[in-house]
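These notes concern the structure reproduced below.
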Amino acid sequence: MKNNIKITKTQSSRLSTVDFNNLPFGRIFSDHMFIVDYENGVWVNPRIVPFEHFPMHPGSMVLHYGQAIFEGMKASKGYDGTPFLFRPEMHAKRLNASAERMCMPTLPEDLFLEGLHALVGVDADWIPPQEGSALYLRPFMIATDEFIGVRPSDHYRFMIITCPVGPYYSKPVRLKVETEYVRAVNGGTGEAKAAGNYAGSLLPARKAQQAGFDQVMWMDGHEFRYIQEVGTMNIFFVIDGKVITPATDGAILKGITRDCVLTILRDKGYEVEERPLTIDEVLDAFEAGTLQEVFGTGTAAVIAHVAEISYKGRELILPPVADRKVAQFVFDQINGLRAGKIADSHQWIVPVNMDAMVGA
Ligand code: COI
């Protein structure tokens, strides 16, 4: 291991207390976490320690100005029990793109990857064995200067924590097209996986939930016509056999599951378009009876069927899930890849390097 990660293992594992058949998303944390600190322009003291609280100065800059970014990833086990990471290099690159946008230091990719391998290696028994379940990995970076003037922090902490999880949505989601609030505009931070983007989405999401919906569908901030994302996912439409997703334009998160879905569908010969898509086009397709499927994509949710879209009092009830061939196909492919049951022609699956935890 190039980065000399120091590993201290817990003396009291909580693993035996976990019911792997009942895993609420994001509430159960594994035994260890990875930490590395940024001081004087360099990342120092990479370590894996027992999962625990850590003290913070009340003036820590992240608490005031929100310099905080994160990733969402999953580790799973193949049919033979081998622990895998899924597209870890792409997550390392996206983390660093987010860091640059938020004026934070980038993390050397090899340090990100070694930290992941070592942590997942140490906590490999926390990867749920059930197909469709996974160990959700949450890398994140925060500003830690003890200062409340407004400027970029000089000190940062990067950590990875992990949670065994089952499926994110248990049923198809009902969406309300957002016509008041916006998630992101070009030139803003929408393309970064920045914590503040999620904070800003909470009030619209709560209002949508109070009105009986699960999530909002975000529109562009200028005309409220162009579809961006839904909730915390990218969005796909199947119209007359063609698969369409909004082109990333600087305001839309470049989802890694989105990229997998595009690749899998193109490989299979589907006609796929990444382009600006208006809500009017979706309404027209619905009226014409050609709106066949709508689904969200994200690491946590993987594929989430959309049951209904509500727009200015109009309810678009979508075809039954049993008829959704495209979404079902990509879902089966991604789960099959993650379970090691489908040939990995794009080298997305990376076996966890158990040597990374030598020295434990
Ligand atoms: C993910 O899909 O991993 C996300 O980052 C969404 C999350 C906020 C639950």
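Read the numbers this way: they start at 1 and go in the same order the structure lists the ligands and their atoms.
- Taking atom 9 (C) of ligand 1 as the reference point, the nearest protein heavy-atom neighbour is Tyr168 OH, 3.6 Å.
- Glu191 places a side-chain N or O within 3.5 Å of a backbone atom of Gly250 that can act as its donor or acceptor partner.
- Against a heavy-atom cut-off of under 4.0 Å, Phe70 is close to the following atoms of ligand 1: 5 (O).
- Judged by distance alone, with hydrogens and angles left aside, the side-chain atoms of Asp80 form a donor-acceptor pair with the main-chain N or O of Thr82 at under 3.5 Å.
- Considering only non-hydrogen protein atoms, atom 2 (O) of ligand 1 sits nearest to Ala300 N, 2.8 Å.
- Annotation: the span from Asp280 atom CG to Leu277 atom CG amounts to 9.5 Å, rounded to 0.5 Å.
- Here the side chain of Asn186 pairs a donor or acceptor atom with the backbone of Asp249 at under 3.5 angstrom.
- Within the 4.0 Å heavy-atom criterion, neither part of Met233 lies near ligand 1.
- Taking every heavy atom of Lys193 and a limit of under 4.0 angstrom, the matching atoms of ligand 1 come to 4 (C), 5 (O).
- Every atom of ligand 1 is numbered from 1 in the order shown, and the set under 4.0 Å from a heavy atom of Gly72 is 3 (O).
- Note: Phe158 and Phe34 have perpendicular aromatic rings, judged against thresholds of 30 and 60 degrees for the angle between ring planes.
- The aromatic rings of Phe236 and Phe295 sit parallel, their planes meeting at an angle under 30°, below the 60° perpendicular limit.
- Residue, atom and distance of the protein heavy atom nearest to atom 8 (C) of ligand 1 are Tyr198 CE2, 3.7 Å.
- With His91, Met73, Arg138 as candidates, the residue nearest to atom 7 (C) of ligand 1 on a non-hydrogen basis is Arg138.
- A cation-pi geometry, defined here as NZ or CZ lying under 6.0 Å from the six-membered ring centre and within 45° of its normal, does not hold between Arg157 and Tyr38.
- Which parts of ligand 1 touch Tyr136 is read off a 4.0 Å heavy-atom cut-off, strictly below it: atoms 1 (C), 3 (O), 4 (C), 5 (O).
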